[in-house]
Amino acid sequence: TFRFETLEQRFREMAFLNRGLTIEFKDERTDNGARWMTFYFEGGVRSFVREHGSGPDVVLVHGVAASSFTYRKVIGPLADQGLRATAFDFPGLGLADRPQRFDYSWSGLAEWLGQAIDALEIDRCHLVVHDIGGPIGCEWAIRNPDRVLSLTALNTMLNPATFRRPWTMQPFAVRGLGELWLHATPRPLFAALFRAQGLADRRAMSTAEIYAYDALLTRLDRGRAFLRIMRSFELTEEKQRFLWQGLADRPWPARIVWGERDPALGIDLLRVAQRVLGVDDPVLLPAKHFLQEDQAPALAYVIADQVAPLG
């Protein structure tokens with residue numbers, strides 16, 4: 001009998017070797033319900049999808065320095081709540097391609113996000129966004145209001161014009177310095193910084209899991225695409241006006257779930273998100289930046305609670 005992980009790797013390799021091929025993998029051998037994964041190519045950029053469950057669609061959008069790996073502990077509990085949870089890797093991150101000729105701006109990634117949702121044949125969805133997945137996902141939602149059922153915003157930035165990168169991310173925006181910061185940081189220091197910025201409960205992740213973030217960041221191109229993303233932030237008044245006006249006019253409900261101990265995107269950015277989304281009662285979790293790691297069951301419960309009455 002083949003292990004799920006072995007089959008997953010084989011199908012991923014098949015997808016990588018056969019452009020234009022979509023592989024849907026369903027494993028019904030567990031007692032906890034079927035496990036789903038989809039491997040596909042979209043827009044000339046190969047990507048990787050984590051998918052589990054059946055029911056209303058929930059699309060989970062990651063940020064940096066992350067990938068769909070960030071949601072691995074959330075997808076199962078959402079499926080247990082009767083939802084179809086889907087997360088995929090943005091180009092340049094995780095197991096996705098890292099093409100040189102690609103628009104890694106927030107707008108470019110938002111366009112690709114729409115292509116991915118179309119390729120997965122998701123008609124309407126509940127959108128969950130985190131980190132730079134906030135402005136990216138919200139741009140797609142504003143341009144496709146009839147396809148969004150609800151928005152759940154996790155520690156993110158909705159104030160492009162005044163946003164300042166946290167100190168751990170600032171070097172990546174500077175040519176030369178970013179390469180040095182990325183390549184010269186020993187893995188133990190990367191793990192220490194990850195715990196300091198990302199985890200309130202340091203027992204929530206093993207060192208090997210933290211190292212996986214590093215490996216998924218630098219695979220294939222030593223992080224060049226990631227650096228292009230970090231240097232393509234659209235921190236402009238124009239982008240802010242677009243987001244604020246579009247979100248003010250949205251026809252769908254929004255909820256905010258925030259890791260209240262986040263030293264990177266803190267309470268000041270929570271207040272911005274509240275004003276922009278008109279949310280008076282955010283859900284605060286005892287977590288830092290990666291609340292998907294710190295508080296996966298609680299986060300899944302809050303997302304499902306938002307989704308349930310809306311269908």
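Note that the coordinates shown come from a computational prediction; the quantities given were computed from them, not determined experimentally.
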Colleague: Might you work through the side chain to side chain contact (heavy atoms under 4.5 Å, CB included) test for L95 and S67, ending with a clear yes or no?
Modeller: CA-CA 8 Å; L95 294 172; S67 66; over 6 Å; no

Colleague: When you group the ILVMFWY residues by side-chain heavy-atom contacts below 4.5 Å and let the links chain together, are L193 and M169 in the same group?
Modeller: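 Yes, M169 connects to L193 through the hydrophobic network.
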
Colleague: Can you confirm whether R231 is buried at CZ, in the sense that more than 12 heavy atoms of other residues, nucleotides or ligands lie under 6.0 Å from that atom?
Modeller: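 Yes, the 6.0 Å shell around CZ holds more than 12 heavy atoms from other groups.
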
Colleague: Looking only at heavy atoms, which two atoms of V129 and G137 are closest? And how far apart?
Modeller: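 Heavy-atom minimum between the residues: CG1-CA, 4.0 Å.
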
Colleague: Decide whether H126 and S150 meet the rule of one side-chain donor and one side-chain acceptor closer than 3.5 Å.
Modeller: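 Yes.
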
Colleague: If you group Ile, Leu, Val, Met, Phe, Trp and Tyr by side-chain heavy-atom gaps below 4.5 Å, do L177 and L227 land in one group?
Modeller: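 Cluster IDs for L177 and L227 differ.
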
Colleague: Write down the atom of N155, the atom of H130, and the distance for their closest heavy-atom approach.
Modeller: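 It is O-CD2, 3.4 Å.
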
Colleague: A side-chain contact here means heavy atoms from C-beta on lying under 4.5 Å apart; do L113 and F88 qualify?
Modeller: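 Yes, side chains in contact.
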
Colleague: Answer yes or no: is there a donor N or O on one side and an acceptor on the other, between the side chain of Q292 and the main chain of T70, under 3.5 Å?
Modeller: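 Checking the backbone N and O of T70 against the side chain of Q292, no donor-acceptor pair under 3.5 Å is found.
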
Colleague: Do the charged groups of K239 and E139 touch, with an N to O distance under 4.0 Å?
Modeller: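 Salt bridge between K239 and E139, a charged N being under 4.0 Å from a carboxylate O: yes.
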
Colleague: Between E121 and R84, does a salt bridge (Lys or Arg N to Asp or Glu O under 4.0 Å) hold up when you go through it step by step?
Modeller: CA-CA 12 Å; E121 299 181 344; R84 180 194 180 201; over 6 Å; no

Colleague: Answer yes or no: is there a donor N or O on one side and an acceptor on the other, between the side chain of D97 and the main chain of P99, under 3.5 Å?
Modeller: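 Such a contact is absent between D97 side chain and P99 backbone.
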
Colleague: Answer yes when E209 and R72 have at least one side-chain N-carboxylate O distance shorter than 4.0 Å, and no when they do not.
Modeller: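 Yes, charged N to carboxylate O under 4.0 Å.
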
Colleague: I need the W106 CH2 to I229 CD1 distance, nearest 0.5 Å.
Modeller: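 Here the interatomic distance stands at 12.0 Å.
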
Colleague: With the side chain counted from C-beta on, respond yes when W258 and L269 share a heavy-atom pair under 4.5 Å apart, and no when they do not.
Modeller: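 Yes, at least one pair of side-chain atoms sits under 4.5 Å.
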
Colleague: Would you compute the distance between atom CD of Q170 and atom CE of M230 and round it to the nearest 0.5 angstrom?
Modeller: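 Reported value, rounded in 0.5 Å steps: 10.0 Å.
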
Colleague: Check for a donor-acceptor pair, side chain of Q245 on one end and backbone N or O of F242 on the other, with a separation under 3.5 Å.
Modeller: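 No, because the side chain of Q245 does not come within donor-acceptor range (under 3.5 Å) of the backbone of F242.
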
Colleague: Side-chain contact, heavy-atom cut-off 4.5 Å: I136 with I132?
Modeller: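 Yes. Closest side-chain heavy atoms under 4.5 Å.
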
Colleague: What pair of heavy atoms forms the shortest contact from L247 to W252, and how long is it?
Modeller: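 Shortest heavy-atom separation between L247 and W252 comes out as CD2-CH2, 3.9 Å.
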
Colleague: Anything under 30° is parallel, anything over 60° is perpendicular, the rest tilted; go ahead and classify Y213 against F69.
Modeller: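 Judged by the thresholds at 30° and 60°, the geometry between Y213 and F69 is perpendicular.
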
Colleague: Kindly work out whether a path of hydrophobic side-chain contacts (I/L/V/M/F/W/Y, heavy atoms less than 4.5 Å apart) joins L158 to I267.
Modeller: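 Same cluster.
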
Colleague: Check whether any side-chain heavy atom of L60 lies under 4.5 Å from a side-chain heavy atom of S68, and answer yes or no.
Modeller: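 No, every pair of side-chain atoms sits at 4.5 Å or beyond.
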
Colleague: Nearest 0.5 Å please: distance from the CG atom of D118 over to the CG atom of N144.
Modeller: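 Reported to 0.5 Å precision, the distance equals 8.0 Å.
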
Colleague: In Å and rounded to the nearest 0.5 Å, what is the CG to CZ distance from D146 to R124?
Modeller: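 So the CG of D146 and the CZ of R124 are separated by 7.0 Å.
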
Colleague: Would the distance check show the side chain of R250 and the main-chain N or O of I142 forming a donor-acceptor pair, the cut-off being under 3.5 Å?
Modeller: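 No, R250 side chain to I142 backbone: no donor-acceptor pair under 3.5 Å.
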
Colleague: Testing the basics here: between A304 and L78, what is the closest heavy-atom pair and its distance to 0.1 Å?
Modeller: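 Taking A304 first and L78 second, the nearest heavy atoms are N-CD2, 4.3 Å.
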
Colleague: Just wondering, do S107 and E234 contact through their side chains at under 4.5 Å, heavy atoms?
Modeller: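 Result yes, sub-4.5 Å side-chain heavy-atom pair found.
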
Colleague: Could you state the interatomic distance from CZ (R164) to CG (N159), rounded to the nearest 0.5 Å?
Modeller: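 Taking CZ in R164 and CG in N159, the distance rounds to 9.0 Å.
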
Colleague: Has the side chain of R219 got a donor or acceptor atom that lies under 3.5 Å from a matching backbone atom of L216?
Modeller: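 No, the answer is negative, given that no donor and acceptor are paired below the 3.5 Å cut-off.
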
Colleague: Taking all heavy atoms of A65 and all of L217, pick out the closest pair and write down the distance.
Modeller: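 Scanning both residues completely, I find the closest heavy atoms to be CB-CD1, 3.5 Å.
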
Colleague: Is any side-chain heavy atom of E111 closer than 4.5 Å to one of D103?
Modeller: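 Sidechains of E111 and D103: no contact.
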
Colleague: Main chain of L182, side chain of T185: is a donor-acceptor contact present, judged purely on distance under 3.5 Å?
Modeller: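 Answer holds: no.
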
Colleague: Side-chain atoms of residues 276-291: list all donor-acceptor pairs with protein atoms under 3.5 Å, sequence neighbours left out, distances to 0.1 Å.
Modeller:
residue: K288; atom: NZ; partner: A196; partner atom: O; Å: 2.8
residue: H289; atom: ND1; partner: D262; partner atom: OD2; Å: 2.8
residue: H289; atom: NE2; partner: D131; partner atom: OD1; Å: 2.9

Colleague: I want to check something: taking the side chain as every heavy atom from C-beta on, are F172 and V64 in contact at a cut-off of under 4.5 Å?
Modeller: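 No, every pair of side-chain atoms sits at 4.5 Å or beyond.
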
Colleague: Between CD1 of I210 and CZ of R202, what distance do you get to the nearest 0.5 Å?
Modeller: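 Answer for the CD1-CZ pair, I210 versus R202, is 9.0 Å.
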
Colleague: Taking S47 for its side chain and A96 for its backbone only, find out whether a donor-acceptor pair lies under 3.5 Å.
Modeller: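 Such a contact is absent between S47 side chain and A96 backbone.
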
Colleague: Could you tell me which non-hydrogen atom of A79 sits nearest to which non-hydrogen atom of G53, and how far apart they are?
Modeller: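 That closest heavy-atom pairing would be CB-CA, 3.6 Å.
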
Colleague: Any chain of hydrophobic side-chain contacts (each under 4.5 Å) joining W167 to M157?
Modeller: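 Yes, W167 and M157 fall within the same hydrophobic cluster.
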
Colleague: Decide whether a cation-pi geometry holds between R165 and F233; the criteria are a distance under 6.0 Å from NZ or CZ to the six-membered ring centre and an angle within 45° of the ring axis.
Modeller: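 Verdict for F233: a cation-pi partner in R165.
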
Colleague: Are R98 and R224 close enough that some pair of their side-chain heavy atoms sits under 4.5 Å apart?
Modeller: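 Side-chain contact under 4.5 Å: no.
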
Colleague: So, R147 side chain and C125 main chain: donor-acceptor pair closer than 3.5 Å or not?
Modeller: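 Checked: no pair found.
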
Colleague: Please lay out, stage by stage, how R255 and D305 fare under the test salt bridge (Lys or Arg N to Asp or Glu O under 4.0 Å).
Modeller: CA-CA 10 Å; R255 171 171 282 185; D305 181 64; 3.1 Å; yes

Colleague: Sub-3.5 Å donor-acceptor pair from the side chain of W181 to the main-chain atoms of T168, do we have one?
Modeller: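 Such a contact is found between W181 side chain and T168 backbone.
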
Colleague: Answer yes or no: is there a donor N or O on one side and an acceptor on the other, between the side chain of R228 and the main chain of A225, under 3.5 Å?
Modeller: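 Side chain of R228 to backbone of A225, a donor-acceptor pair under 3.5 Å: no, none is there.
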
Colleague: Let me check something: any side-chain donor-acceptor pairs from residues 295-303 under 3.5 Å, sequence neighbours excluded? List them with distances.
Modeller:
none

Colleague: Hydrophobic cluster membership, with links at side-chain heavy-atom distances under 4.5 Å among I/L/V/M/F/W/Y: are Y211 and L189 in one?
Modeller: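 No: no chain of side-chain contacts under 4.5 Å links Y211 to L189.
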
Colleague: Looking at F190, I'd like to know if the NZ or CZ of R187 sits under 6.0 Å from its six-membered ring centre while staying within 45 degrees of the ring's axis.
Modeller: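 Pair R187/F190 does not count as cation-pi.
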
Colleague: Report the C-alpha distance between L199 and F194 in whole Å, list the side-chain angles of each, state the deciding distance to 0.1 Å, and finish with yes or no for side chain to side chain contact (heavy atoms under 4.5 Å, CB included).
Modeller: CA-CA 7 Å; L199 298 176; F194 189 100; 4.2 Å; yes

